[in-house]
Amino acid sequence: MRKIAWLVLMTLLASAPVLAQRLSDQTSASAKVHFIENLLQQMTLDEKIGQLRLNCVGVQSPREQLLQEAAASRVGGIFYAVGRADLREFQDAAMGSRLKIPLFFAYDVIHGHRTIFPIGIGLASTWDMDAVTLAGRTAAQEASDDGLDMVFSPMVDITRDPRWGRASEGWGEDAWLSARYTATMVEALQGSNLGVAGNVMASAKHFALYGAAEGGRDYNSADMSLPRMYQDYLPPYRAAVRAGVGAMMLTYIAINGVPATSNTWLIRDLLRKQWRFKGLIISDFNAVADLVSHGVASNGREAAMLAIKAGLNMSMFDTLFRDELPDLVRSGAVSQEEIDDAVREVLGAKYDMGLFADPYLRIGAVSDDPQDIHDESRLHREQARDVARKSLVLLKNQRNVLPLDRTAVIAVVGPLAKSRLDILGNWSAIGSAAQAVSVYDGIANALGAPERLLYARGADVTDDPQVLNFLNAPGANPADVEVDPRSPTSMLQEAVEVARHADVVVAVVGESRGMSYEGASRASLGLPAYQARLIQALKATGKPLVLVLMNGRALSIGKEHDAADAVLETWYSGTEGGNAIADVLFGDYNPSGKLPVTFPRSVGQVPTYYNHLNTNRPYQANDPRAQTSRYFDEEYGPLYPFGFGLSYTQFSVSDITLTRHNLNRGEVLGASVVVKNTGPRAGATVVQLYIRDISASISRPVKELKRYRRIMLQAGEEKTVSFNLSEQDLKFYNAKLEYAAEAGAFSVMIGLDSRDVKEARFELF
Ligand code: BGC
């Protein structure tokens, strides 16, 4: 008896901290509710509607006007303004308002704020959550130091279509991997307590399916079955919700006919009811007004009404809430309750960001303002270089042309070689090109022998007048293409001449950053013709040729792949990109990045994604002439598969050992391989595990990533890599949207990319 009493006491004591935490969470939750309800009661209708506006200084809202609106509580948040001094002025105005409701300040901090990290697709090539955490934490700290409370990030849209210019911003094509990156980034940005400086509220975007816009054409719509949506596109958004993301930005596009901004099913049923999202829902830029172009609202008044009724809380940029909601409420078309519900979310977000406790939490005191906001001391170069190195993917290395010989004469060629702007990529917040390290700079730093470093531009990014017209349109893109006054022939000749004097040629080619951006969809995926000519001319010199690719999407570069001895995918690698690239080129860092997307051979193969269905007539390698699911005028399969990336060393993977061949529910199945470094030097690689449900109630993908592990092996070293799988990993959404694992045969595949895998089978009972 005494023993039982003792046990009860011990159990109670052990759970005391948990109970205390829960109690304190409840107390703080009820304190928040109390605070917000109290404030809401004091607010006039105009003040409430003001909270629903997220605005920026511009032609539509000149600075003076916005300051006056802030002073009258007619605006809830400001975006596109950065820097403590600037933001302080707005907050001072808000603090002069009747109820002193603070503003919050937001900005597009996607891959770094001041120190720029690799773009999303580059971060996703690390397969390294610590690297993503480092990028996110650094960005949050820098954004917070500049007075920002919220970032419009992470961008989590899955895309299977590289024609979409925003493929550059996301985590690639795989839902499972993207969900992990998303959760990691949300946690990194928000920290454990949003109410302290250094942490910022994340606003995941663009809910939902933006990356599925038909044909990869930006702003186009998505029409999709629910099982595909749940299985292949929604997981990252859901992961953001589970990670406690503070805000969610809706996509511009129409989903199954209904624009997200007015999509009641998407907002209320899916996000709020099914996923129990508790945070703030904001529109994308001008998206409420866009409901008229979508053809679901006949005018601005109807647009505002549809959006608020669908559950949108805050409208970005357009002034329709301000202009239309007062009368919509007075006329009874929109209820007070609908307004109050939206206001609660805005106030709740401000409460969580710590702004009611201290409106100047991140703006700080005047005396602490930096003298020069671009001061070198405010950068985090080491972190940026570390992450950038991990994001580089070696796609080819014939005859070990890489790493480069430090005693060689090196010719650096190409329109992107000296660009400090392009290397930052799009959405580079307030990163400064002047502080960025170009590939040429990086190589020069590493080589330290100017007499052995030659340079020629060789070509412009493009000479296509239509493309130039788009990329260089005033204000259309953040980057413009530099047009060299020399003739294409003389530039090409110069490059060839320089190549002839070198031992090896490094050609830095790809897309200017404006080519992989919002509104920048491409109908072709090749290297622009001007640069393609340059590569062939360099090849003709017979010199060893290394391609350093700089681009924001998967490209179809078969000809260039064939021409080059080595290909290094560098995406847009950020402020320290040039140094990081040189680290890899000279072998000071052994590359280990892996593609988070599939590279097609030609644009006509798109969509190309590794987790496709088998179809009734899968391709037959032993009978390529058979009528199968393929394009007869293109070689079958991708140029580079998902998960692919080489190293300066080689690895072998053993056959798979399973701990059991029959799996009952509740049991765990172990699958392991022995990976050996068979090459000459230490290196890291990513071991990937895929599964396939051989026969199910609906056709299932030929492969689905379920686990991966990044390992480091010394030369000659081997390691057993074991993964555990259970029923949970075998679940999918069936035709009735039930998430369940179906009994039957499964295949488990393990390899160092998605194409070259070992296979074993087991049965689920
Ligand atoms: C983009 C968003 C971005 C917003 C504010 C929109 O055009 O779609 O991703 O956050 O602008 O800059």
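Any value given below was found using the heavy atoms of this structure, including those in side chains, with hydrogens, waters and symmetry copies removed. Numbering of ligands and ligand atoms starts at 1, following listing order. Just so you know, these numbers come straight off a predicted model, no measurement behind them.
A donor-acceptor pair under 3.5 Å is formed between the side chain of Tyr572 and the backbone N or O of Ser512. Using a distance-only test at 3.5 Å, with no hydrogens or angles considered, no donor-acceptor pair links the side chain of Lys205 to the main chain of Val156. Of the possible polar contacts, none joining the Ser428 side chain to the Gly431 backbone as a donor-acceptor pair under 3.5 Å is found.
Taking a 4.0 Å cut-off on heavy atoms, Phe317 fails to register as neighbouring ligand 1. Using a 4.0 Å cutoff on heavy atoms, Met155 does not count as a contact of ligand 1.
Listed by atom number, the atoms of ligand 1 under 4.0 Å from Phe152 heavy atoms are 10 (O). Each of the following atoms of ligand 1 lies closer than 4.0 Å to a heavy atom of Asp284: 1 (C), 2 (C), 3 (C), 4 (C), 6 (C), 7 (O), 8 (O), 11 (O). The atoms of ligand 1 that sit less than 4.0 Å from any heavy atom of Lys205 are 2 (C), 3 (C), 9 (O), 10 (O). The atoms of ligand 1 that sit less than 4.0 Å from any heavy atom of Phe285 are 6 (C), 7 (O), 11 (O). Shown in contact with Met249 at under 4.0 Å from a heavy atom are these atoms of ligand 1, numbered in order with element: 10 (O). Atom numbering of ligand 1 starts at 1 in the shown order; those under 4.0 Å from a heavy atom of Trp427 are 3 (C), 12 (O).
In this structure, Asp46 does not pair ionically with Arg322, as no charged nitrogen and carboxylate oxygen lie closer than 4.0 Å. Salt-bridge check for Arg63 with Asp86: passed, with a basic side-chain N closer than 4.0 Å to an acidic carboxylate O.
Considering backbone and side-chain atoms together, Glu169 places no N or O closer than 3.5 Å to any N or O of ligand 1. Looking at Tyr210 next to ligand 1, no N or O pair under 3.5 Å apart turns up.
For Tyr107, no heavy-atom contact with ligand 1 is shorter than 4.0 Å.
Just one of Leu355, Ile78, Leu148 meets the side chain to side chain contact (heavy atoms under 4.5 Å, CB included) condition when paired with Phe104; it is Leu355. Among Tyr237, Tyr210, Trp171, the one residue that satisfies the side-chain hydrogen bond (donor to acceptor under 3.5 Å, both in side chains) test with Asp157 is Tyr237.
Between Tyr107 and Trp427, a ring centre-to-centre spacing not shorter than 6.0 Å is recorded.
Looking only at protein heavy atoms, the nearest one to atom 9 (O) of ligand 1 is His206 NE2, 2.6 Å. Closest to atom 3 (C) of ligand 1 among all protein heavy atoms lies Asp108 OD1, 3.3 Å.
Between Asp318 and Gln60 the shortest heavy-atom distance is CA-NE2, 4.3 Å.
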